[in-house]
Amino acid sequence: MKWKRTHTCGELRASHVGETVVLTGWVNRQRDHGGLTFVDVRDRYGLTQVVAEAAASDLQRRLGELRGEYVIAVRGVVRRRPQEMINPNLGTGEIELLCDDLDVLARSNTPPFPIDSDREPSEELKFRFRYLELRRPSLQRNMLLRHKAVLAARRTLDALEFIEIETPLLIKTTPEGARDYVVPSRIYPGKFYALPQSPQIYKQVLMVSGFDRYFQIARCLRDEDLRADRQPEFTQIDLEMSFVTPEEVFAVTEATVAAMCEAVGHERPVTPFPRLTYDEAMARYGIDKPDVRFGLELEEVGAHFQGTTFNAFRAVLEAGGSIQLLRAPGGAGLSRKKIDGLTEAAKQAGGRGLAWCKIEPDGAASGGISRFLRAEEMQALQRGGAEPGDLLLFVADAPRTAREVCGAVRLALAEELQVQRAPGLHFAWVHRFPVFEPADTPTGWAPSHHMFTMPEPESRARIESDPGSVYGQLYDLVCNGVELGSGSVRIHDPALQRRIMRQIGLQEEEIERKFGFLLQALEYGAPPHGGIALGLDRLVMLLAGGTSLRDVIAFPKTQRAASPMDGSPSQISPEQLRELGLQLLPGVTEQDGVEER
RNA sequence: GGGGACGUAGUUCAGUUUUGGUUAGAACGCCGGCCUGUCAAGCCGGAGGUCGCGGGUUCAAGUCCCGUCGUCCCCGCCA
């Protein structure tokens with residue numbers, strides 16, 4: 001390099017007029033007018049117009065030879081643009097650089113897609129040329145936003161006396177949960193490490209060690225199928241505190257999240273965040289991660305139908321089921337086809353169907369199940385707020401199913417009606433979850449979150465006798481219907497921990513083999529502790545206004561968990577396999593679908 | 001594991017169904033020329049195609065059928 005850069009491409013203003021400066025960057029666009037050539041130089045800070053005039057004809061010829069994405073250094077004098085040539089869309093639009101010399105630092109092939117364009121290339125291309133995709137303004141912005149958010153989190157947690165400690169990536173495989181990514185051991189042929197699904201056990205051990213406020217920006221890996229909001233490797237802001245109640249975890253989390261919002265230019269959210277219990281969330285929204293930006297809340301209307309002659313409702317009520325009502329104001333205008341679409345949503349959510357009727361201008365019910373509705377039932381519904389023009393949707397089923405199905409219909413209905421959502425980010429806590437949920441395990445129960453959650457004291461006696469009624473000190477942070485994080489107060493009593501493990505069907509031998517080290521640690525003075533893990537990628541996605549984690553992760557994987565840029569995953573050599581004591585099953589090499597490039 | 005959408009020039013797409021039919025188009029980009037105030041510069045000219053890949057039906061396939069690969073969305077899965 002002939003010169004050192006003196007300013008960035010987003011920096012120069014009218015106040016710099018007259019200074020001789022050096023800019024470096026990529027050629028964004030070049031406009032050759034014959035006797036006058038403009039080159040826009042771009043770096044991550046902005047764009048500056050460089051100009052050469054006929055007076056310096058050789059230089060102008062060299063500028064004219066520049067092509068898109070060439071990397072250059074330009075030296076020149078900052079000059080004010082003529083008044084009518086000021087570009088108000090550009091931070092540097094008041095000035096331009098009158099070039100006196102140029103150094104081409106690197107040439108570039110014609111890029112496979114334009115960097116400076118709103119037109120979206122195919123996902124395939126963007127993956128293959130991820131480094132060029134990252135050069136585009138939207139991802140430049142998102143990466144910067146992510147950096148600022150993480151920095152704000154670190155600063156906040158540091159100020160609150162948290163210390164950042166790294167935990168291992170090569171750990172022991174644990175049962176339960178997601179499928180592990182596994183790493184073969186060379187030194188112990190036939191044995192494997194697992195990559196962590198979260199630093200859960202390590203952070204609990206750190207509490208035993210006396211690091212009473214720990215955090216980590218932790219990479220987590222889960223070998224499960226991908227979604228727009230799910231990558232196989234993702235990042236959590238993982239934190240754990242000793243001697244705490246959920247309230248203190250809430251306060252720390254709120255402070256951290258609020259600081260992150262503020263750091264990236266969002267309004268600081270009002271704290272404390274609203275809270276609702278799991279039961280309340282299920283009763284009002286039919287889901288444990290409610291989108292509270294709009295109403296359309298569920299209503300239990302079983303009581304209205306005690307004497308119903310409508311068989312579908314009567315059978316459900318007699319079996320102890322529930323009837324959930326979703327009232328869609330103005331929904332009477334929905335076509336039969338749209339209502340069928342909602343019924344489809346109900347079925348997809350595990351429901352048997354959707355009962356509905358419309359309220360006519362005169363207050364009478366029409367369509368759907370209207371002919372089964374008796375006068376007193378209609379009156380009860382009207383007292384409950386049903387008005388002319390409404391569409392009433394009913395889900396009758398076992399209580400839990402009825403709510404879940406109705407919750408799914410609620411979301412579909414909001415889409416269908418294009419219900420106005422409150423703008424901005426709406427955080428909320430959902431807490432007091434059941435510890436166990438019915439599952440296909442030897443005991444019929446699995447942890448609803450994870451097995452380290454402290455059951456509420458009053459319900460501990462029922463762990464064995466009535467697991468479904470055991471509530472835990474468990475909490476989720478949700479935002480705009482997205483689950484952002486989840487945490488709990490943990491069990492620090494080894495005996496209680498063993499009871500929970502047995503209740504989810506772990507055998508004594510298994511407990512010792514897989515969790516013996518944790519249980520042993522708990523025998524040596526384990527403080528009461530609790531914490532939370534926040535999905536950093538999802539939070540940043542919301543802050544950035546993106547719709548996919550690919551928008552906020554520099555090098556994400558495709559839906560099939562591959563990285564087309566570098567070609568991972570890839571085969572390993574026979575030597576590597578031999579060294580690890582591994583042999584591939586016949587046929588697996590042919591199944592390798594990753595295209596060589 | 002299952003359901004759906006997409007794949008045509010360097011890129012984004014039209015053409016594919018209704019109807020298989022001569023030489024597959026557009027815009028942007030690229031290459032060359034002209035041009036002293038552009039900033040999505042303009043004007044003139046040019047090059048550029050394995051219609052993802054393989055097979056089949058047909059006198060004839062971008063178009064119909066089967067398979068396969070890739071990308072995306074969803075279900076299952078994700079303590």
Side-chain angles (χ1 to χ4, degrees), chain A residues 28-42 47-55 57 60 64 67-69 81-90 92-93 96 98 109-129 132 174-180 197-198 200-201 220-232 234 345 347-350 408 433 435-437 439 441 445-453 472 474 483 486 488 500-501 504-506 533 535 547-548 550 557-560 562 564 591-597:
Chain A
N28 193 59
R29 244 172 238 281
Q30 181 245 59
R31 293 174 294 279
D32 185 351
H33 287 232
L36 182 72
T37 297
F38 298 100
V39 175
D40 294 334
V41 189
R42 180 191 69 236
L47 199 68
T48 302
Q49 175 167 284
V50 175
V51 62
E53 292 176 322
S57 61
Q60 202 208 328
R67 293 293 176 268
E69 303 311 313
R81 294 193 192 189
Q83 192 61 37
E84 60 277 20
M85 304 307 163
I86 287 175
N87 185 344
N89 303 318
L90 218 54
T92 59
E96 62 192 5
L98 181 60
N109 292 337
T110 300
F113 52 82
I115 305 301
D116 177 36
S117 165
D118 295 330
R119 211 147 72 171
E120 282 294 305
S122 72
E123 291 291 331
E124 210 171 329
L125 263 189
K126 292 198 287 190
F127 271 117
R128 199 138 55 95
F129 295 93
L132 296 181
T174 51
E176 311 284 322
R179 194 177 294 116
D180 278 327
Q197 296 179 27
S198 81
Q200 181 62 35
I201 293 177
C220 303
L221 301 105
R222 297 179 189 175
D223 187 4
E224 296 292 348
D225 287 337
L226 285 76
R227 292 284 186 282
D229 63 351
R230 249 161 53 191
Q231 281 275 317
F234 60 100
K347 285 182 177 163
Q348 217 165 28
F433 281 76
V435 167
F436 301 104
E437 63 185 16
T441 63
W445 296 96
S448 74
H449 274 52
H450 64 51
M451 67 178 98
F452 310 112
T453 299
L474 253 169
E483 182 191 325
S486 138
S488 62
I500 299 285
M501 287 174 168
I504 60 170
L506 293 180
T547 53
S548 166
R550 291 187 296 272
K557 298 284 189 284
T558 68
Q559 181 141 46
R560 296 198 53 226
Q591 287 168 13
D592 181 6
V594 178
E595 196 181 330
E596 303 289 338
R597 294 203 188 273

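Throughout, protein chains are lettered first and strands after them, A, B, ... in sequence-line order, and every chain is numbered starting at 1.
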Are the ring of His33(A) and the base ring of rG37(B) both nearer than 5.5 Å at their centres and tilted by less than 30°?
no
Any base atoms under 4.0 Å from Phe452(A), or only sugar-phosphate, or nothing? Heavy atoms, all strands.
nothing
How close do Phe127(A) and Arg550(A) get, heavy atom to heavy atom, and via which atoms?
CZ-CD, 3.4 Å
Return the pairing partner of rC35(B) with a 3.5 Å limit on both distances, Watson-Crick or G-U wobble; otherwise return none.
none
May I ask you to say what Gln348(A) touches in the nucleic acid, namely base, sugar-phosphate or nothing, with a heavy-atom cut-off under 4.0 Å?
nothing
What is the nucleic acid contact for Asp223(A), judged by heavy atoms within less than 4.0 Å: base, sugar-phosphate only, or nothing?
nothing
Quick one: label Ala446(A) by what it contacts on the DNA or RNA (base, sugar-phosphate, nothing), any heavy atom closer than 4.0 Å.
nothing
Tell me what Ser198(A) touches on the nucleic acid: a base, only sugar-phosphate, or nothing, going by heavy atoms under 4.0 Å.
base
For Phe113(A) and rU11(B), is the gap between ring centres under 5.5 Å while the planes differ by less than 30°?
no
Just call it for Arg179(A): base, sugar-phosphate, or nothing, with non-hydrogen atoms closer than 4.0 Å on any strand.
nothing
Would you mind reading off the distance between Arg550(A) atom CZ and rU71(B) atom P, rounded to a whole angstrom?
11 Å
Once you apply a heavy-atom cut-off of 4.0 Å, does Arg81(A) come out as touching a base, just sugar-phosphate, or nothing?
base
Any base atoms under 4.0 Å from Gln231(A), or only sugar-phosphate, or nothing? Heavy atoms, all strands.
nothing
Is Leu125(A) touching bases, backbone alone, or none of the nucleic acid, heavy atoms closer than 4.0 Å?
sugar-phosphate
Reckon Gln559(A) touches a base, only the sugar-phosphate, or nothing at all at heavy-atom distances under 4.0 Å?
base
Could you state the atom-to-atom distance from CG of Asn28(A) to C1' of rC39(B) in whole Å?
10 Å
So which nucleotide does rU71(B) pair with, by the Watson-Crick or G-U wobble rule with both distances under 3.5 Å?
rA5(B)
What nucleic acid atoms does Met451(A) come within less than 4.0 Å of, heavy atoms only: base, sugar-phosphate, or nothing?
nothing
Between Arg560(A) (CZ) and rC74(B) (C1'), how many Å, whole number?
17 Å
Side chain of Ala228(A) only, heavy atoms from C-beta on: which candidate in rC73(B), rC39(B), rC77(B) is closest?
rC73(B)
Name the residue closer to the 5' end of RNA chain B, choosing between Arg67(A) and Phe127(A) according to the nucleotide with the nearest heavy atom.
Arg67(A)
Full working for salt bridge (charged side-chain N to carboxylate O under 4.0 Å, His left out) between Arg31(A) and Asp40(A)
CA-CA 9 Å; Arg31(A) 293 174 294 279; Asp40(A) 294 334; 2.9 Å; yes
